[in-house]
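Read through the structure below, which is laid out as structure tokens, and then see the notes.
Chain letters run A, B, ... following the sequence lines, proteins first and then strands; every chain starts at 1. All values below come from the heavy atoms of this structure, side chains included, with hydrogens, waters and symmetry mates left out. Given the structure is predicted, the values throughout are model-derived calculations rather than measurements.
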Number of protein chains: 2
Amino acid sequence: MEHSKDSKLPYHHGALRQALLEAGDSVLRDRGLSGFTLRECARRAGVSHAAPKHHFGDVRGFLTEIAALGFDQLTRQLQTQIAIAHDLDEEFINTTRAYADFAGENPEHFRIMFRYDLLSATSERLAQAAGETFTVLTNVVLRQRGDPELLASVYDEKVAESVIDDIVLSWSHIHGFAHLKLEQQMSMVPAATHDDVMVRASRRLSRFIRSDAGHQDEG
Amino acid sequence: MEHSKDSKLPYHHGALRQALLEAGDSVLRDRGLSGFTLRECARRAGVSHAAPKHHFGDVRGFLTEIAALGFDQLTRQLQTQIAIAHDLDEEFINTTRAYADFAGENPEHFRIMFRYDLLSATSERLAQAAGETFTVLTNVVLRQRGDPELLASVYDEKVAESVIDDIVLSWSHIHGFAHLKLEQQMSMVPAATHDDVMVRASRRLSRFIRSDAGHQDEG
DNA sequence: AAAGCATCTTGTCAATGTCAAGTTAGCGAG
DNA sequence: CTCGCTAACTTGACATTGACAAGATGCTTT
């Protein structure tokens, strides 16, 4: 019932997959991950409760696609903020801020993206999307070090151990700050604004990595 | 039915609260957070499906208590590993490892502990438990700096801005590594073992914090 | 012993994910 | 053109869940 809203849609909807994903975003926005249901998504897309099955299989398949789209968007936002930086300090700070801002603006997406147990471990689509985010972050670290950038992945190209160390150090910092802030743990830290603290911490880490690049295996 | 298993239990159970929490742990262990239900907990505790209500109110109340117990245990495990360290390098490394090991051994607890949207924001019990974990971590940082340790919280005692910076830098690193590893993101990092990388990253961060203590406001 | 109250049970309700079976329509082959 | 064919959707059903209301039970206190 109530098919009157936009009758030029082919009655095999035509763009149901896209419509369901948009409905999913809207459900996540105002009901959160714990209030997320396939049936509500179907309802908002104007289709029957079983319609999502054909496009995503089950709820895991749906969440996997949502997570992949989240990584796509995170990648884009990181690239944008990296591009407008004027120096290496600023680039690292912007990266941390963009990552944390993404988490703050898309809390439910962020939560889904980092819930391995909810996602399809075999999804090539998701692995690809997450891999691209990771490559962007890796290249931030490589530029800090003055090393050549990656074209694809750290698996395709051989990287030194000290590069791995710097990546883990940087990513842990960036991700940890974003996650702790999102989940309200930073409220235990007395500070005027968390952004100020993040800027100082990121700048120090950035400079440390540059000063200590190739800390053990470069001579 | 099936009350025969231990009939010395008073028939108002007597220790239902404790039994439910243990049942909760067992449900989390083999069904995960997404398969966690109050009714299954009640079933395993041998009581009716509505029994949990009197002790925890709703599912949020139950999860809040589980999260608080998680912080209690994390605090203890951190303290244990900190106590057996022989120097400041090792203390910082042990802290990072204990935090990550807790996440690896209690993945569902860890997930619940850092899901602000699932927990009761007004729970004094939870705030206390999380605060104690935070105090332990803060004292790790203060010892790195050679500063006097906190007795209670950073809110009770006045701390310098550079202390805040070091806490956020350290905690972000420690938490980020644990979370990324738990959620399988470290699989994108090529390395023989993640522990090796973590040890190197933690040692470097530890030494950097010591060398840079009071980096701006101490003269 | 009687009252009072925390504790636990039973029954119910709307909602959900998944599956099975049916319906519709776009599309290619003859 | 039209006759299937198949992907895209609907309908209906089922077991399960969280929450609530009302009732039963038994400890405790006076």
Nearest-Å distance, CZ (Phe56(A)) to C1' (dG17(C))?
-> 16 Å
Separation of dA6(C) P from Leu16(B) CG (nearest whole Å) | 16 Å
Tell me which nucleotide among dA21(D), dA8(D), dT7(C) gets nearest to the side chain of Ala50(B).
-> dA21(D)
Per atom distances to the Leu38(A) side chain, the nearest of dT10(C), dG18(D), dG17(C) is dG17(C)
Using whole Å, report how far NZ of Lys53(B) lies from P of dA21(D).
-> 7 Å
Taking only the side-chain heavy atoms of Arg39(B) (C-beta and beyond), determine which of dA19(D), dA21(D), dA6(C) contains the nearest atom.
-> dA19(D)
So does Arg43(A) get a side-chain nitrogen or oxygen closer than 4.0 Å to the phosphate oxygens (OP1/OP2) of dA15(C)?
-> no
Between atom CG in Asp58(A) and atom C1' in dT18(C), what is the gap in whole Å?
-> 9 Å
Nearest whole angstrom, please: distance from the P of dA8(D) to the NE2 of His55(A).
-> 6 Å
Polar contact flag, side-chain donor to acceptor under 3.5 angstrom, Gln77(A)-Gln81(A) | no
Taking atom types as modelled, find out whether Ser123(B) and Thr64(B) have a side-chain donor-acceptor pair closer than 3.5 angstrom.
-> no
With sugar-phosphate meaning primed atoms plus P, OP1 and OP2, does Arg60(B) contact a base, only sugar-phosphate, or nothing at under 4.0 Å between heavy atoms?
-> nothing
His54(B) atom NE2 is separated from dC20(D) atom P, nearest whole Å, by 15 Å
What integer distance in Å separates Arg31(B):CZ from dT16(D):P?
-> 11 Å
Could you please name the option among dG11(C), dT18(C), dG18(D) that lies closest to any side-chain atom of His49(A)?
-> dT18(C)
Indicate the ring-plane relationship of Phe71(A) and Phe114(A), choosing parallel, tilted or perpendicular according to the 30° and 60° boundaries.
-> perpendicular
Main-chain N/O of Asp166(B) paired with Arg200(A) side-chain donor or acceptor, under 3.5 Å = no
What is the ring orientation for Phe56(A) with Phe62(A), classed by angle as parallel under 30°, tilted 30 to 60°, or perpendicular over 60°?
-> parallel
Relative to the 5' end of DNA chain C, which residue comes earlier, Ser48(B) or Glu40(A), by the nucleotide with the nearest heavy atom?
-> Ser48(B)
